[in-house]
2 protein chains.
Amino acid sequence: MTAEAKGVTTPASPPLTERQEARRRRILHASAQLASRGGFDAVQMREVAESSSVALGTLYRYFPSKVHLLVATMQDQLQHMHATLRKRPPAGDDPAARVAETLMRAFRALQREPHLADAMVRALTFADRSVSPEVDTVSRLTTAIILDAMGLEAPPTAEQLSAVRVIEHTWHSALITWLSGRASIAQVKIDIETVCRLIDLTSPEKA
Amino acid sequence: MTAEAKGVTTPASPPLTERQEARRRRILHASAQLASRGGFDAVQMREVAESSSVALGTLYRYFPSKVHLLVATMQDQLQHMHATLRKRPPAGDDPAARVAETLMRAFRALQREPHLADAMVRALTFADRSVSPEVDTVSRLTTAIILDAMGLEAPPTAEQLSAVRVIEHTWHSALITWLSGRASIAQVKIDIETVCRLIDLTSPEKA
DNA sequence: GGATAATGTAGAACAAGTTTCAGACTTGAT
DNA sequence: ATCAAGTCTGAAACTTGTTCTACATTATCC
């Protein structure tokens, strides 16, 4: 069963009318647009509202805070990316190589819109408890991408899931260091490759 | 050579007079105090200024933003912690166990002041480029703590440094998930133990 | 089709981070 | 001791996220 089939895409809120769905979409589009220009700071709620032709109050009804909005934007982008990645699965021999390849592909995609990446990742790590459900959704999506890349035959063991968690931690934190200019692209690559070694360490046949 | 001997503690700015040093200290103290009460949001610049008997403008002269202030607070706390940890070095047999033990000890310390931890860690990951030097200092301190815990005889190899970087990523990100209520203490423990396995993987005698 | 509850709009108001400024105080050099 | 430069203070102003209010529009149900 894929992540999408599990309903990761739709948090099962009251169904929206068509106009509402359109508004939501306009808002997310404006958010991504502004984020692409200038990152987290450039996403200003008044501007998002104006760009998407929605009143400020309405914007806040759809997304109760700037962080909620950006996390939802990330969810949206991640879904695109998941779909894209699925089209050409990674070619590596072992799971570790495939995960590293997949994450590097995602990383290159982020490099094309570094400001957007900045806005999304900063929002994600800055999110407090009130955003937990949404952040959790993003996390599940990320996990699904990594598990997909591993291409396991059997369901993952607890150990493997731990490794995936650590990979996710490293992924987020490495992105942060890159976005804030404290690590180079090459350094991020090394970090990803290093952490992916954990996958070998936790694969059942070799343990 | 220890980290302190390298001057991690003092970024070599123009020397401060005694009164200035005292002001700086009062500010950091007020910051930690307020953070302990209510986390990131409770550290309000006007309140910090008032608590430390300093004008708002002066506070901003010492710390050019709230994030700068909290990162400096973290630096301060980390130095205490480094000193404390040195007193009783970890007892594990191999480097991996010692690092895990050290990080868990640090984690337990953070659990005693979860709000303070929240303020510091959120600031750290939210910091943008303008805070890079300060964040880097914190990062070097953390690295020093981990390397100390490893208790290596020879200087660390490039591979080992990569492992340490990944451990640091995991440490920060795991703290974030714990602070935002998305991971339990037990889960953080597992993540730390999992990532510490990388140390074995990269130790020269076993490679 | 009309009552009514929910949703959307415009805009003011509020909160907290940040900036600015005029004047008072320190400091360091002469 | 004094002058200049730099620092500190108090207070107001500005910015942007967030909340609130009064009114208009839309959706739903009979």
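Every chain is numbered from 1, with letters handed out A, B, ... down the list of sequences. Everything numeric in this text was worked out from a predicted model, so none of it was measured.
- Residue-level contact check: A:Arg46 touches the bases, meaning some heavy atom is under 4.0 Å from a base atom.
- Between the CG atom of B:Leu70 and the P atom of C:dT18 there is a distance of 10 Å, given to the nearest Å.
- Along DNA chain D, the nucleotide closest to A:Val67 and the one closest to B:Leu56 are compared, and the more 5′ of them pairs with B:Leu56.
- Salt-bridge annotation for A:Glu159 and B:Arg197: present, with a side-chain N of the basic residue lying under 4.0 Å from a carboxylate O of the acidic one.
- Counting heavy atoms of neighbouring residues, nucleotides and ligands inside a 6.0 Å radius, atom CD of B:Glu21 exceeds 12 of them.
- Ring planes of A:Phe126 and B:Phe40: perpendicular class, angle over 60° (limits at 30 and 60°).
- Of all non-hydrogen atoms in B:Ile192 and B:Ala100, the two that sit nearest each other are CG2-CA, 4.1 Å.
- B:Tyr62 comes within 4.0 angstrom of sugar-phosphate atoms only, judged by non-hydrogen atoms across all strands, and of no base.
- Among all heavy-atom pairs drawn from A:Arg165 and B:Gln187, the shortest one is NH2-CG, 2.9 Å.
- Distances were taken from every side-chain heavy atom of B:Gln20 (C-beta onward) to each of D:dT18, C:dG17, D:dT7; the shortest belongs to D:dT7.
- Nearer to the 5' terminus of DNA chain C, by closest-nucleotide assignment, is the contact made by B:Asp41 (compared with the other of B:Thr17 and B:Asp41).
- When distances run from any side-chain atom of A:Arg61 to the nucleotides D:dT19, C:dG17, C:dT7, the shortest one goes to C:dT7.
- Between the CD atom of A:Glu50 and the P atom of C:dA10 there is a distance of 10 Å, given to the nearest Å.
- As rounded to whole Å, 16 Å separates atom P of C:dG17 from atom CG of B:Asp128.
- The B:Arg19 side chain lies nearest to C:dT26 when the options are C:dT26, C:dT18, C:dT9.
- Distance, B:Leu59 CG to C:dT19 P: 12 Å, rounded to whole Å.
- Look at CZ on B:Arg122: it is 13 Å from P on C:dG17, rounded to the nearest Å.
- Residue-level contact check: B:Val43 touches the backbone only, with heavy atoms under 4.0 Å from sugar-phosphate atoms and none from bases.
- Closest approach to the A:Met45 side chain among D:dA12, D:dT18, D:dC8 is made by D:dT18 (side chain taken as heavy atoms from C-beta onward).
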